[in-house]
Amino acid sequence: LTTHAQAAEYTIATDTTFAPFEFQVKGGQYKGIDIDLLKAIAKKEHFTYQLKALSFNAAVQQLSANQVDGVIAGMNITPAREVTFDFSKPYYTSGVVMAVAKGSTVKNFNDLKGKTVALKTGTAGAAYGKSIQSKYGFKIKYFNDSNTMYNDVKVGNSSACFEDYPVMSYGIKNGIPLTIISKQHNAGDYGFAVKKGKNAALLKKFNAGLAAIKADGTYQKIINKYLHAKE
Ligand code: GLN
């Protein structure tokens, strides 16, 4: 008996928990804006892939080590990352905010003096937190995933965390007992990444597919499904 099952053309890494962009549902399957966008784009452009859920930092490391072909994980297009990666056209605008536990006495950055701030390794939020650490005199504790980071703030071990606005506000709407107390700090739009100089064909397909799903309304449908759904 001969089987003709074809191996997936590409391996694309994503984050383990970053709702509404990627999150696991019952049965272990992944869903979210990134997951649906990638699926719709691959369908338009006729490519196949295998999804690999890793911590955000591991996903980025594996991409730079050439162990995966691409990353879609609510990843900001930043000048620092553009040294190592090629990015697609931006597909979503986001910024970094600070969140604290509900009822916290921390009302602004000045209140962080001597306190501990939770950051997610390798993220734009972590880079921002680190950049203002000495000015506001706080300690830093690193986490590999968003949920563990939120939990450390929730239980009071850390006084605040830095997270992307759409992700933090979605989490809060869905029951995470934190509050956002800062304005959005611009961190660049989200883009799909490949290693610099590698996988130009995949990047081209992603951009073409993105343009196509924007034009036919699929893109907006996906965004609405996760962010503007009527309850
Ligand atoms: N948008 C942030 C970044 O690019 C965080 C991404 C994530 O945690 N998945 O660093």
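First listed ligand is number 1; within each ligand, the first listed atom is number 1. Sequential numbering from 1 along the given sequence is applied to the chain's residues.
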Determine all donor-acceptor pairs shorter than 3.5 Å in which one atom belongs to a side chain in residues 191-200; sequence neighbours excluded.
| from | atom 1 | to | atom 2 | distance (Å) |
| --- | --- | --- | --- | --- |
| K195 | NZ | S64 | O | 2.7 |
| K196 | NZ | E82 | O | 3.1 |
| K196 | NZ | D86 | OD1 | 3.2 |
| N199 | ND2 | D69 | O | 3.2 |
| N199 | ND2 | D69 | OD1 | 3.1 |

Practice prompt. Could you name the protein residues that come within less than 4.0 Å of ligand 1, counting only heavy atoms, and order them by chain and residue number?
Written response: D15, F18, F56, A73, G74, M75, N76, R81, K120, T123, A124, D164, Y190
Discussion item. Among residues at least two apart in sequence or on other chains, which ones pass side-chain hydrogen bond (donor to acceptor under 3.5 Å, both in side chains) with D111?
Written reply: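 Expected list: none.
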Item to complete: For the residue pair F18 and Y190, categorise the inter-ring angle as parallel (less than 30°), tilted (30 to 60°) or perpendicular (more than 60°).
Response: tilted
Worksheet item: Should the ring pair F162 and F109 be called parallel, tilted or perpendicular, given that the plane angle runs from 0 to 90° and is split at 30 and 60?
Response: tilted
Item to complete: Output the distance between atom CD (Q220) and atom NZ (K214), rounded to the nearest 0.5 Å.
Response: 9.5 Å
Worksheet item: With sequence neighbours left out, what residues match Y142 under ring pair (Phe, Tyr, Trp, His ring centres under 6.0 Å)?
Response: none
